[in-house]
Engineer: 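Below is one structure. I have some questions about it.
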Amino acid sequence: MAVPIVLDCDPGHDDAVALLLAVGSPQIDLLAVTTCFGNCPVSDATRNALRVLTLAGATQVPVAEGAAGPLVGEAALGNYVHGRTGLDGPDLPEPAQSLLPETAVELLARTLREHPEPVTVVVTGPMTNVGQLLRDEPEIAEHIAEVIFMGGGTQGGNHTPTAEFNTYADPEALDIVLSSGVPVRMVGLNLTHQALATPEVVERMAAMEHLIGRTCAGWMGFFGSSYRDVWEFEAPPVHDPCTIAALIDPDVIEWREVFLAVELDGTWTRGTTVADLFHRYPDREPNAKVAVRLDAERYWDLVLGALDTLGAPVEAP
Ligand code: BDR
Ligand code: CA
């Protein structure tokens, strides 16, 4: 049976691939998409999500716009990685569907309550919408199968030397989720830096004889140049689809059960995740699973296979 999910995202090149992977995989039942500030202001993230769903021919998926900033403090933005629009690169079709009048938190709450079984909440941007939902309606927890998120890491950051972008952007929201009792899985940088779109991977995208493959290859070109310029990477890590891949194939990622926390107060370390891999806090019980190893070959076969099957439902703009 397909895994029912809602995808809360801030597209973003790798969020866009995660969206396509979710739409293109029969093992996933994409019930709703909600957006958040992050890689760009939230209005751009929403427009990008709608355009990617249009590209995928998935205009039936309900979409609602979420937070413009974090629960505490000012919005951090990732346009320095994802470009002016948040999804710079190949042209995309104009959205063929409209945004719901509900907020992201309202759509999340309604979708979770209406679904007959608990739903998996996938978060590939800052945790703001889900943190707000669990803060304001804690009883919603019983409708959540788990929260699986891309963010943090077991060692080292990208937005700051120690903090990954998504967890830096709203640590208070992540803290609420980690304390909520909901099962949590973290897919951090230590894992996603194993998911590199090497020239061979990009070549396989470009060789697909349809718009989706060519568009993904174009996105990787833009994303790759950002990663070269900002972090001196030779190939860009395609972070966000790792969350969806883990739901499709349990063998693609290896996990460790740990005590996981996020720094709220550090002078230099705000937003840094602390994953107690070696039980250095013996009085702390595990509250999360963290991803530790990716089978990269299996990951790319799965992602590229889904993109290729999805094909080209709309004409080039
Ligand atoms: C995360 O931040 C964004 O740049 C990506 O979309 C990903 O979710 C990586 O740190
Ligand atoms: Ca993202």
Side-chain angles (χ1 to χ4, degrees), residues 5-22 33-42 44-49 52 65-67 70 75-89 104 121-130 147-171 173-174 185-197 216 219-220 222-231 233 235-246 262 270-273 290-291 294 303:
I5 73 164
V6 293
L7 177 52
D8 187 66
C9 56
D10 62 336
H13 296 80
D14 52 332
D15 302 80
V17 178
L19 274 166
L20 294 177
L21 178 60
V33 169
T34 50
T35 62
C36 190
F37 78 95
N39 290 327
C40 49
V42 69
D44 292 338
T46 303
R47 177 170 160 75
N48 294 340
V52 172
E65 184 164 281
L77 294 176
N79 291 93
Y80 67 98
V81 181
H82 297 268
R84 188 183 54 79
T85 64
L87 190 50
D88 278 14
V121 177
V122 182
V123 184
T124 61
M127 195 58 84
T128 315
N129 295 326
V130 180
V147 173
I148 180 167
F149 75 99
M150 190 284 134
T154 57
Q155 238 176 8
N158 55 7
H159 190 63
T160 72
T162 65
E164 183 279 333
F165 177 78
N166 291 337
T167 56
Y168 177 88
D170 200 336
L174 176 58
R185 284 198 281 173
M186 177 178 90
V187 179
L189 292 179
N190 59 297
L191 190 285
T192 63
H193 284 179
Q194 301 168 49
L196 300 173
C216 288
W219 284 338
M220 292 306 110
F222 186 89
F223 203 39
S225 60
S226 293
Y227 262 84
R228 225 176 2 258
D229 295 349
V230 181
W231 291 288
F233 270 53
V238 187
H239 314 272
D240 294 338
C242 294
T243 55
I244 307 286
V262 59
R270 182 170 157 78
T272 300
T273 50
V290 298
L294 179 79
V303 173

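One-based numbering, in listed order, for ligands and for the atoms of each. On a predicted model such as this, the values are computed, not experimentally measured, just so you know.
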Engineer: At less than 4.0 angstrom from any atom of ligand 1, which residues have a non-hydrogen atom? List them by chain and residue number.
Structural biologist: D14, D15, N39, H82, T124, M150, N158, E164, F165, N166, H239, D240
Engineer: Go through the steps for H82 and D14 under the test side chain to side chain contact (heavy atoms under 4.5 Å, CB included), then give the verdict.
Structural biologist: CA-CA 9 Å; H82 297 268; D14 52 332; 3.6 Å; yes
Engineer: Assess the residue pair T273 and L174 against the criterion (side chain to side chain contact (heavy atoms under 4.5 Å, CB included)); give the C-alpha distance rounded to whole Å, side-chain angles, the decisive distance to 0.1 Å, and a yes or no.
Structural biologist: CA-CA 10 Å; T273 50; L174 176 58; 4.1 Å; yes
Engineer: With side chain to side chain contact (heavy atoms under 4.5 Å, CB included) as the test, would you mind laying out the steps for V122 and I244 before giving the verdict?
Structural biologist: CA-CA 8 Å; V122 182; I244 307 286; 4.1 Å; yes
Engineer: Specify whether H159 and F165 have parallel, tilted or perpendicular ring planes, treating 30° as the upper limit for parallel and 60° as the lower limit for perpendicular.
Structural biologist: perpendicular
Engineer: Is there a side-chain contact between V81 and N39, using heavy atoms and a 4.5 Å cut-off?
Structural biologist: no
Engineer: Could you enumerate the protein N, O or S atoms under 3.0 Å from the Ca ion (ligand 2), written like residue then atom name?
Structural biologist: D10 OD1, D15 OD1, D15 OD2, T124 O, D240 OD2
Engineer: Parallel, tilted or perpendicular: which describes the rings of W219 and H13, with under 30° parallel and over 60° perpendicular?
Structural biologist: perpendicular
Engineer: Evaluate the ring planes of F223 and Y227, with Trp represented by its six-membered ring, and classify them as parallel (under 30°), tilted (30 to 60°) or perpendicular (over 60°).
Structural biologist: perpendicular
Engineer: Under 3.5 Å, is there a donor-acceptor pair between the T85 and D44 side chains?
Structural biologist: no
Engineer: Is there side-chain contact between M150 and N166, with heavy atoms separated by less than 4.5 Å?
Structural biologist: yes
